[in-house]
Protein chains: 2
Amino acid sequence: MNPSVICPRFEKAMGLLSQRWTGLIIYQLLNGSQRFCTIESSIGISGRLLSERLKELEKQGIVIREVFPEIPVRIEYSLTEKGRSLQPLMKEIEKWSQTWLEP
Amino acid sequence: MNPSVICPRFEKAMGLLSQRWTGLIIYQLLNGSQRFCTIESSIGISGRLLSERLKELEKQGIVIREVFPEIPVRIEYSLTEKGRSLQPLMKEIEKWSQTWLEP
DNA sequence: CTTTCTACTTACTTTATGTAAGTAATTATA
DNA sequence: TATAATTACTTACATAAAGTAAGTAGAAAG
């Protein structure tokens, strides 16, 4: 692998999006904060990877994990401002897919 | 893996974008048609994967491969209309990355 | 006649993803 | 009371995808 010539920020963004499940998790969270098992069943990811991805997205400042100390505890994941700012991008993907892909 | 509840077209589009290198190849080809080795060195992908990705993108109708029977032969890859229609999406990624990521 | 270039392919290693089961705390059901 | 279910994970292992390096074939250049 040779060094690339493309803008490093763009490459980084692509690196994020090109990780499996990352885009779908963000897309799903654009509907509002959600619990682990809700995300899991809505996009069909396994717990193992969802856990891994959410940690990574938290580290990137895209997702926040909130613990509500009720009984039983409730844990919710939601988008930060940085995460929500991905909405126009997601809309573009939606638009393109409606125009150019079959279901 | 459970069945997902997300729009299948959106999922398909995400599946495309979330394959490593695919986005960068398309981004690169938005600058105009290019030869194998040019794409290879501009994004830093290996020949093995570039070959694989270009075949897939051709199958998806996003890229066309053209052979110019000169001596020596010249082979160029370019975007179809479907491929070029990804430009607004790419611009959004660019925009987001400029605002929210560090290089 | 050996090296270089282009557009690949093949063989092999490493990393990522998928699958299944397990855990701990709590709650619901028979 | 015992058993099953729920939530938010983790662990262990199998398979698939990606990375690395070398090879190939045809042509041209030194």
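A, B, ... follow the sequence lines: proteins, then strands. Residue 1 opens every chain. Hydrogens, waters and symmetry mates are skipped; everything else that's a heavy atom, side chains included, is used.
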Practice item. Quick one: list whatever passes side chain to side chain donor-acceptor pair (under 3.5 Å) with Glu11(B), sequence neighbours left out. Key: Ser4(B)
**Study point:** side chain to side chain donor-acceptor pair (under 3.5 Å) partners for Ser85(B), two or more places apart
**Key:** Trp96(A), Trp100(A)
Provide, to the nearest angstrom, the distance between the [atom1] atom belonging to [X] and the [atom2] atom belonging to [N].
X        : N       : atom1 : atom2 : result
Glu40(B) : dG19(D) : CD    : C1'   : 13 Å
Phe68(A) : dT7(D)  : CZ    : P     : 16 Å
Gln19(A) : dA16(D) : CD    : P     : 20 Å
Phe36(A) : dA8(D)  : CZ    : C1'   : 6 Å
Ile75(A) : dT26(C) : CD1   : P     : 13 Å
Ile39(A) : dA8(D)  : CD1   : P     : 9 Å
Glu70(A) : dT6(D)  : CD    : C1'   : 15 Å
Ile45(A) : dT17(C) : CD1   : P     : 9 Å

Review point. Counting side-chain heavy atoms from C-beta on, which of dA7(C), dG18(C), dG19(D) comes nearest to Leu49(A)?
Key: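 That would be dG18(C).
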Check your understanding: Of the nucleotides dT20(D), dA8(D), dA18(D), which has the atom closest to the Arg20(B) side chain?
Key -> dA18(D)
Check your understanding: Does one side chain, of Gln34(B) or Glu76(B), offer a donor that lies under 3.5 Å from an acceptor on the other?
Key ->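 On atom types as modelled, these side chains do not qualify, holding no pair under 3.5 Å.
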Practice item. Show your reasoning for whether side chain to side chain contact (heavy atoms under 4.5 Å, CB included) applies to Leu17(B) and Ile93(A). Key: CA-CA 9 Å; Leu17(B) 249 42; Ile93(A) 299 178; 3.9 Å; yes
With a 4.0 Å cutoff (strictly under), does any side-chain N or O of [X] reach OP1 or OP2 of [N]?
X        : N       : answer
Arg65(B) : dA7(C)  : no
Tyr77(B) : dC8(C)  : yes
Trp21(A) : dG18(C) : yes

Just distance, no hydrogens or angles: give the donor-acceptor pairs under 3.5 Å from side chains in residues 50-59 of chain B, sequence neighbours left out.
unit_1   : atom_1 : unit_2   : atom_2 : d
Arg53(B) : NE     : Arg20(B) : O      : 2.8
Arg53(B) : NH2    : Arg20(B) : O      : 3.2
Glu56(B) : OE2    : Gln60(B) : NE2    : 2.8

Please write out the pairs of protein N or O atoms and N or O atoms of nucleotides 12-15 of chain D separated by less than 3.5 Å, giving the distance to one decimal.
unit_1  : atom_1 : unit_2   : atom_2 : d
dA12(D) : N6     : Arg48(A) : NE     : 3.4

Review point. Which pairs with one or both residues in residues 86-103 of chain A pass salt bridge (Lys or Arg N to Asp or Glu O under 4.0 Å), sequence neighbours excluded?
Key: Lys91(A)-Glu94(A), Glu92(A)-Lys95(A)
Point to revise | salt bridge (Lys or Arg N to Asp or Glu O under 4.0 Å): pairs with one or both residues in residues 60-72 of chain A, sequence neighbours excluded | key: Glu70(A)-Arg74(A)
Practice item. May I ask you to list the residues of residues 50-61 of chain B, by number, that have any heavy atom positioned under 4.0 Å from an atom of DNA chain C? Key: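 Of all residues in residues 50-61 of chain B, the ones placing a heavy atom under 4.0 Å from DNA chain C are Ser51(B), Lys55(B).
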**Study point:** Contact summary for Met90(A) and Gly23(A), nearest pair of heavy atoms
**Key:**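 Closest approach of Met90(A) to Gly23(A), heavy atoms only: CE-O, 3.8 Å.
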Review point. End-to-end bend of the helix from dC1(C)-dG30(D) to dA30(C)-dT1(D) (five-pair axes, 10° rounding)?
Key: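 About 20° separates the two local helix axes.
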Exercise for review: Quick one: do Tyr77(B) and Ile75(B) satisfy side chain to side chain contact (heavy atoms under 4.5 Å, CB included)? Show the steps, please.
Suggested key: CA-CA 7 Å; Tyr77(B) 294 90; Ile75(B) 294 167; 3.9 Å; yes
Check your understanding: Taking Ser18(B) for the side chain and Met14(B) for the main chain, is one N or O donor matched with an acceptor at less than 3.5 Å?
Key ->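 Here the side-chain-to-backbone pair exists.
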Review point. Is a side-chain N or O of Glu40(A) found less than 3.5 angstrom from the main chain of Gly47(A), in a donor-acceptor match?
Key: yes
Practice item. For Cys7(A), check side chain to side chain contact (heavy atoms under 4.5 Å, CB included) against everything at least two apart and list the hits. Key: Arg9(A), Phe10(A), Gln98(B)
Practice item. Identify, with sequence neighbours excluded, every residue that meets side chain to side chain contact (heavy atoms under 4.5 Å, CB included) alongside Leu79(B). Key: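 In terms of side chain to side chain contact (heavy atoms under 4.5 Å, CB included), with neighbours along the sequence ignored, Leu79(B) is linked to Ile26(B), Leu29(B), Leu30(B), Ile62(B), Val63(B), Arg84(B).
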Point to revise | With Phe36(A) via ring pair (Phe, Tyr, Trp, His ring centres under 6.0 Å) - residues at least two apart | key: none
Review point. Going 5' to 3' along nucleotides 25-30 of chain D, which nucleotides have protein heavy atoms under 4.0 Å from the base (write B), which only from the sugar-phosphate (write S), and which from neither (write -)?
Key: --SS--
